[in-house]
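One structure is given below, encoded as structure tokens.
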Amino acid sequence: MNIAFFLLPKQEVVCLTLESTLRQTLERMEFHRYTSVPMLDNNGEYAGTITEGDLLWYMKNSEGKVTFENASKFLIRDIPIKMSNKPVSIDANMEDLINLAKVQNFVPVVDDMNRFIGIVRRSQIIEYCERFVSKESIA
């Protein structure tokens with residue numbers, strides 16, 4: 001099975017750039033009700049995934065310097081990321097995709113030049129596997 005079969009293309013994925021502000025990030029995550037969002041650099045390359053936890057810990061550890069009122073002064077490129085969500089190449093095999101999906105809510109997908117081209121959601125992989133389990137139980 002090809003990874004492209006599961007791909008949610010970049011145009012349909014909520015992404016942030018490293019130049020996004022903390023406030024923009026909070027507002028987009030709230031609007032879309034996401035707990036984590038992929039970040040891209042200026043070249044469109046996958047730069048990491050930022051989570052609600054990263055934002056909360058950053059604000060907590062700022063000792064009151066960062067508030068929602070001044071959150072537009074801080075860029076997400078300066079926020080430490082606690083978890084490393086690894087991307088998978090579009091040419092990778094299903095085993096690689098499944099191994100990453102076991103520990104990530106979604107798996108970022110990159111092309112051969114490391115440009116972000118979309119994500120694969122863990123739920124899509126589970127649904128795919130469910131079809132095989134259902135077929136085996138019928139047989």
Side-chain angles (χ1 to χ4, degrees):
M1 177 66 56
N2 189 328
I3 289 175
F5 176 77
F6 299 101
L7 186 70
L8 181 65
K10 178 181 177 180
Q11 307 86 269
E12 298 177 31
V13 177
V14 174
C15 300
L16 298 163
T17 67
L18 293 174
E19 305 306 312
S20 298
T21 67
L22 174 57
R23 184 177 184 120
Q24 289 169 325
T25 304
L26 287 166
E27 289 174 346
R28 287 194 86 181
M29 290 174 104
E30 178 184 31
F31 179 81
H32 294 284
R33 302 187 72 180
Y34 291 148
T35 58
S36 58
V37 179
M39 299 181 300
L40 309 179
D41 68 13
N42 292 336
N43 298 320
E45 294 180 11
Y46 174 70
T49 296
I50 193 152
T51 68
E52 285 178 332
D54 297 327
L55 304 177
L56 290 170
W57 286 114
Y58 182 71
M59 293 177 81
K60 177 197 173 281
N61 293 331
S62 75
E63 299 174 356
K65 295 176 191 162
V66 180
T67 64
F68 187 72
E69 289 75 28
N70 71 1
S72 59
K73 296 179 182 178
F74 301 91
L75 302 179
I76 61 170
R77 71 169 174 222
D78 299 322
I79 297 174
I81 304 301
K82 301 277 186 204
M83 287 182 32
S84 175
N85 276 23
K86 295 182 176 146
V88 66
S89 167
I90 190 67
D91 298 326
N93 62 44
M94 284 299 294
E95 186 177 335
D96 293 336
L97 178 65
I98 291 169
N99 283 329
L100 289 174
K102 286 191 285 189
V103 295
Q104 299 175 189
N105 289 335
F106 63 86
V107 179
V109 181
V110 296
D111 66 12
D112 57 351
M113 296 179 64
N114 200 41
R115 286 184 303 242
F116 178 79
I117 57 173
I119 64 170
V120 175
R121 294 180 179 144
R122 184 188 315 173
S123 61
Q124 292 171 295
I125 296 168
I126 293 171
E127 288 172 7
Y128 175 76
C129 293
E130 180 183 36
R131 285 186 231 133
F132 284 107
V133 171
S134 295
K135 286 179 184 177
E136 285 181 10
S137 65
I138 293 172

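Only heavy atoms go into these numbers, but all of them, side chains included; no hydrogens, no water, no symmetry mates. If you read the sequence from its start, that first residue is 1, and numbering goes on from there. If you're wondering where the values come from, they're calculated on a predicted model, not measured in any experiment.
Contact of the Leu97 side chain with the Val120 side chain is registered, since non-hydrogen atoms from C-beta on lie closer than 4.5 Å. In this structure, the side chains of Ile125 and Tyr128 stay at 4.5 Å or more apart for every pair of heavy atoms. Residues Leu7 and Ile3 fail the side-chain proximity criterion, which asks for heavy atoms closer than 4.5 Å. The closest side-chain heavy-atom distance from Lys10 to Leu40 is below 4.5 Å.
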_Evaluate Asp41 against Tyr46 for side chain to side chain contact (heavy atoms under 4.5 Å, CB included), listing each step before the verdict._
CA-CA 7 Å; Asp41 68 13; Tyr46 174 70; over 6 Å; no
Can you give each donor-acceptor pair under 3.5 Å made by side-chain atoms of residues 73-92, sequence neighbours left out, with the distance rounded to 0.1 Å?
from	atom 1	to	atom 2	distance (Å)
Arg77	NH1	Glu19	OE1	2.9
Arg77	NH1	Glu19	OE2	2.8
Ser89	OG	Asp91	N	3.2

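Closest of all the heavy-atom pairs between Thr49 and Ser36 is CG2-CB, 3.7 Å. When all heavy atoms of Arg121 and Tyr34 are compared, the pair lying nearest together is NH2-OH, 4.2 Å. Contact record, Gly118 with Phe116: O-CE1, 3.2 Å, taken as the closest heavy-atom pair.
One finds the OG atom of Ser123 at 11.0 Å from the CZ atom of Phe6 (value rounded to the nearest 0.5 Å). Ile117 CD1 to Gln11 CD: the interatomic distance, rounded to the nearest 0.5 Å, is 10.0 Å.
Between the side chain of Thr25 and the backbone N or O of Thr21, at least one donor-acceptor pair lies under 3.5 Å. Between the side chain of Asn70 and the main chain of Thr67, a donor-acceptor pair closer than 3.5 Å is present. A donor-acceptor pair under 3.5 Å is formed between the side chain of Arg122 and the backbone N or O of Gln104. Side chain of Asn2 to main chain of Phe5: no donor-acceptor pair is present (N/O by atom type, distance under 3.5 Å, no hydrogens or angles). Asn43 places no side-chain N or O within 3.5 Å of a backbone atom of Glu45 that could act as its donor or acceptor partner.
In the hydrophobic clustering of this structure, Met39 does not group with Val13; members are Ile, Leu, Val, Met, Phe, Trp, Tyr whose side-chain heavy atoms approach within less than 4.5 Å, directly or through other members. Cluster membership for Tyr58 and Leu56, using ILVMFWY side-chain heavy atoms within less than 4.5 angstrom, is not shared. Cluster annotation: Met29 is connected to Leu22 through the hydrophobic network of ILVMFWY side chains, with a link wherever side-chain heavy atoms come within less than 4.5 Å. Residues Leu100 and Leu8 are members of separate hydrophobic clusters, defined by side-chain heavy-atom contacts under 4.5 angstrom among Ile, Leu, Val, Met, Phe, Trp and Tyr. Both Ile50 and Met59 belong to a single network of hydrophobic side chains, linked directly or stepwise wherever heavy atoms of I, L, V, M, F, W or Y lie under 4.5 Å apart.
The number of heavy atoms from other shown groups lying within 6.0 Å of CG (Asn42) does not exceed 12. The local environment of CD in Glu12 is crowded, with over 12 non-hydrogen atoms from other residues, nucleotides or ligands closer than 6.0 Å.
Residue pairs meeting the salt bridge (charged side-chain N to carboxylate O under 4.0 Å, His left out) criterion with at least one member in residues 24-36, sequence neighbours excluded, are Arg23-Glu27.
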